[in-house]
There are 2 protein chains.
Amino acid sequence: MSYRGNGILPARLRSVGLDAGVIRTLAQHTHHITLAKGQTLCPACENMGLALVCQGTLIRQVGFHDGTVSSTELLFSDQFLFSGGTTSGADHNVCFRALEFTEIEWLGMDIIYQLCRENNGFLERYLEKKHRYSRMVEDHLLLRTILSKKEHLMITLAMIFSAKLRRNENAIKITIEELCTVTGSTRQYCSKVITELCQNGILINHYGSLELLDYSALKAQLGSDARRHYELFRAKPV
Amino acid sequence: MSYRGNGILPARLRSVGLDAGVIRTLAQHTHHITLAKGQTLCPACENMGLALVCQGTLIRQVGFHDGTVSSTELLFSDQFLFSGGTTSGADHNVCFRALEFTEIEWLGMDIIYQLCRENNGFLERYLEKKHRYSRMVEDHLLLRTILSKKEHLMITLAMIFSAKLRRNENAIKITIEELCTVTGSTRQYCSKVITELCQNGILINHYGSLELLDYSALKAQLGSDARRHYELFRAKPV
């Protein structure tokens, strides 16, 4: 199931300023997996420390022990994914489901620990990136409370398509049900908003994927609060 | 402003299984601060790596760059507080405000980094605890979406007083405004629910603090969904 990747993860880490020696070690320990549409990945089960989405789309799902599952994020290619998978405290409540064919390169927690101890600067960078990732997830959840239902749905769509357009894509393989869980809104409300956007020639609903026709019109739908937060999110360092 | 504490933090860390050598080093580097009611602490500004609330109550506040502030958590004595305060990526958006006189012992990020590198097992424990802390914050935010407004407010009150009762206290110095920001509900809705609880002889509103009269009656107000989540939260390892 796991074999060497194309070196996309080491190259990505080189771009954040890690030195050549570390990159060589990382490249030797990089694993590669592919997920078919609908397949689920539990980073803690695999003892993953750090992963990079090379291609595809993942939806981050948090499970409660009573069986309730909520989604918090969509991850696109070129985005990192962190896991809290330590041997004793493995966090099996966080999973990632592939919305389409997805390719991932990843490093085990053991090599992450080793580099944190041995390499100057790696620990600081790892902790900082991991911290930023969990703060980003938190900020998105806080926006559910700060913004109105409509504004939150609009900002989520604007972020999805802004990420897609940067990859020269204009469609996302997502169902209304999946979009609901990411925005925390009901199926009924979500359908109503999507239907309106389709009627206004902004989206096409292919029932299983959403296609963007007009990005500026989508952004124009953001209320003033959502627009402010959208600009702030876009301006943030990643 | 910062001086040696009473060794509560090192003792707390000893209880999680760290060895005597580490504890000695930690004890030498423990700082101590007190906050008056209303004072705010920014862990990143102080370059804090890990802190323990020895006495008092803190409210965790997340700021957005447009000035919006949301609260996510209440922290009581004997609870850890983690910061993402790295030199380059200091996170000034997270602050803690004291709801009453509060005493804290803490360790700088520099000594945390040093111990992560030098001491066997410290890195794993630190990452695990930090991860659990941010997952707990996330779970509480997700409950805002999963539960109804009323259930979320009730579960928040039940958790506050359950923590208080474990400390042999039955009151919390919190205003309705502060409670609103922790639960994500409006001032109007929050007041309505608190007034009902007071009329039922469950709470007394001292306008600045809430006093618990009847814990079992408060728990009986939890709906079936909130009760299930409440039991799950209580059963979780800390």
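Residue numbers start from 1 in every chain, and the chains themselves are labelled A, B, ... in the order their sequence lines are given, proteins ahead of strands.
Taking OH from B:Y126 and CG from A:L127, the interatomic distance works out to 6.0 Å, rounded to the nearest 0.5 Å. We find the CG-OG1 distance between B:L142 and A:T68 to be 10.0 Å, quoted to the nearest 0.5 Å. Atom-to-atom distance recorded for A:L141:CG and B:R144:CZ is 9.0 Å, nearest 0.5 angstrom.
Proximity to chain B is absent for every atom of A:D110, based on heavy atoms less than 4.5 angstrom apart. Using a 4.5 Å cut-off between heavy atoms, B:S185 makes no contact with chain A at all.
Ranked by non-hydrogen atom pairs under 4.5 Å with chain B, the options A:V137, A:T145, A:D225, A:L143 are led by A:T145.
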Test log, rule side-chain contact (heavy atoms from CB on, under 4.5 Å), inputs A:E124 and B:M109: CA-CA 10 Å; A:E124 285 83 345; B:M109 205 62 224; over 6 Å; no
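Here the closest heavy-atom approach between residue A:I146 and residue B:F64 is recorded as CD1-CE1, 3.2 Å. What you find for A:R117 and B:N119 is that their closest heavy atoms are NE-O, 4.3 Å.
Residues A:V62 and B:R135 are in side-chain contact: their nearest non-hydrogen atoms beyond the backbone lie under 4.5 Å apart.
The number of heavy-atom neighbours closer than 6.0 Å to CD of A:E177, taken from other residues, nucleotides and ligands shown, is above 12.
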